[in-house]
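Read the numbers this way: they start at 1 and go in the same order the structure lists the ligands and their atoms. In this text, all values refer to a predicted model and were calculated from it rather than measured experimentally.
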Amino acid sequence: MTDASTLPDSLAFTKALIDAESITPARGAVFDVLEAALKPLGFAIDRFTVGEAPDGPVENLLATRGSGAPHFAFAGHLDVVPPGKGWTTDPFRAEQRGALLYGRGAVDMKGAVAAFVAALARALPDHGTVSLIITGDEEGPAVYGTRALIDRMRERGIAPDFCLIGEPTSVNRLGDTIKIGRRGSVNIWITVPGHQGHVAYPHLADNPIPKLVRALADIDAIVLDEGTDWFQASNIEVTDLEVGNTAHNVIPGAAQARLSIRFNDLHRGTELVERIERAVHVHTPDAEVKGIVSGESFLTEPGRLSDILSDAIEDHAGIRPELSTSGGTSDGRFLHALCPVVEFGLLNATMHKLDEAVAVADLAMLTDIYESVLKRAFTR
Ligand SMILES: [Zn+2]
């Protein structure tokens, strides 16, 4: 294995991180590799493990260096999704073939963590504070991950001015896209009770299906908004409809449906659940409507942080990135509570797939871009 205690090089360091298998929830060896690289750079390391099976235990690492303003934080995760079957080579043995480095986590997001550490080694600021906020549970339920790190930071009075998340945001080429926000997400379960009975005696039964269908038709017709300057329109999808009735001659006793709503910053998840509940109750007042908000939306208005990042990208990639809010949720939904957050990292084409791979040239360029970000953020 690569010795990461010497000055980290982003390629060798990415390999060392990939070789430390870390299926979510992660702890142990992969954090040892990161700690060994950060210590010689003068970081104070705070590693702590929280939670119990099945969602834990999860290891988290908070590294800080320096004091005072500005305080720049980099956030990321060292856990990876399970590899799945069918890899060409061992997903937990980094292998370079031609221009690509293969291994689980190459782009999501061990490569970005390695690039940031390598950039730090080249551009350690002589004033202000740098933090790394690294979790072992971003890919899982994220119960004991970044949320626990934020609690820890609050306890310790650690408050960054900016946070860069190294998620793979690039689409067709490195630097084409950064995320300045994310939509929120809420899942909703609807259960309409009825009264079971024989179809030949409908007056002795109460069929829940027509009520649920009418409610869903109303819900499907809702236009939540037309989008905003930075967000596409919010969207309600009916994702499941279930009665489970196998008999021809039975009116079922209950009917259920499930919805998923991705919403922009004009809405809050809890308000959407209430709105759906009202729509359902028009047709069936005794229906149960239950919602779980997996993340509220957030937006970091374009400003200093997105400018620094866009300029750094232009320096090295020769393009200015699109400022996007598309895609699924990220740990930005939690970190946004601390400070302005933007996300920028490698190409996302192979993330979570078989034969996940990063272009070696992209790793080098990402390191250059992160170095330039650090220099710009700490310019007096
Ligand atoms: Zn990720």
S.K.: So among Phe116, Phe344, Phe162, which one has a ring-ring contact (aromatic ring centres under 6.0 Å, His included) with Phe74?
M.R.: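 Going through Phe116, Phe344, Phe162 one by one, the ring-ring contact (aromatic ring centres under 6.0 Å, His included) with Phe74 is satisfied by Phe116 alone.
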S.K.: I'd like to know if the Zn ion (ligand 1) has an N/O/S atom from Glu138 within less than 2.8 Å of it, counting both backbone and side-chain atoms.
M.R.: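 Within the cut-off used here (under 2.8 Å), Glu138 places no N, O or S atom near the Zn ion (ligand 1).
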S.K.: In terms of heavy-atom contacts, does CZ of Arg320 have more than 12 from other residues, nucleotides or ligands at under 6.0 Å?
M.R.: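 Result for CZ/Arg320: enclosed.
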S.K.: Checking side-chain hydrogen bond (donor to acceptor under 3.5 Å, both in side chains) between Ser22 and each of His77, Arg27, Arg104, Lys110, which is the one that passes?
M.R.: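 Single side-chain hydrogen bond (donor to acceptor under 3.5 Å, both in side chains) partner of Ser22 among His77, Arg27, Arg104, Lys110: Lys110.
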S.K.: What's the atom name of the N, O or S in Asp108 nearest to the Zn ion (ligand 1)?
M.R.: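 Asp108's closest N, O or S atom to the Zn ion (ligand 1) is named OD1.
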S.K.: Could you check whether Arg152 makes a cation-pi contact with Phe48, meaning its NZ or CZ is under 6.0 Å from the centre of the six-membered ring and within 45° of the ring axis?
M.R.: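 Geometry flag: set, cation within 6.0 Å and 45°.
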S.K.: Test of geometry: compute the angle NE2(His77)-the Zn ion (ligand 1)-OE1(Glu167) and round it to 10°.
M.R.: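 Vertex at the Zn ion (ligand 1): approximately 120°.
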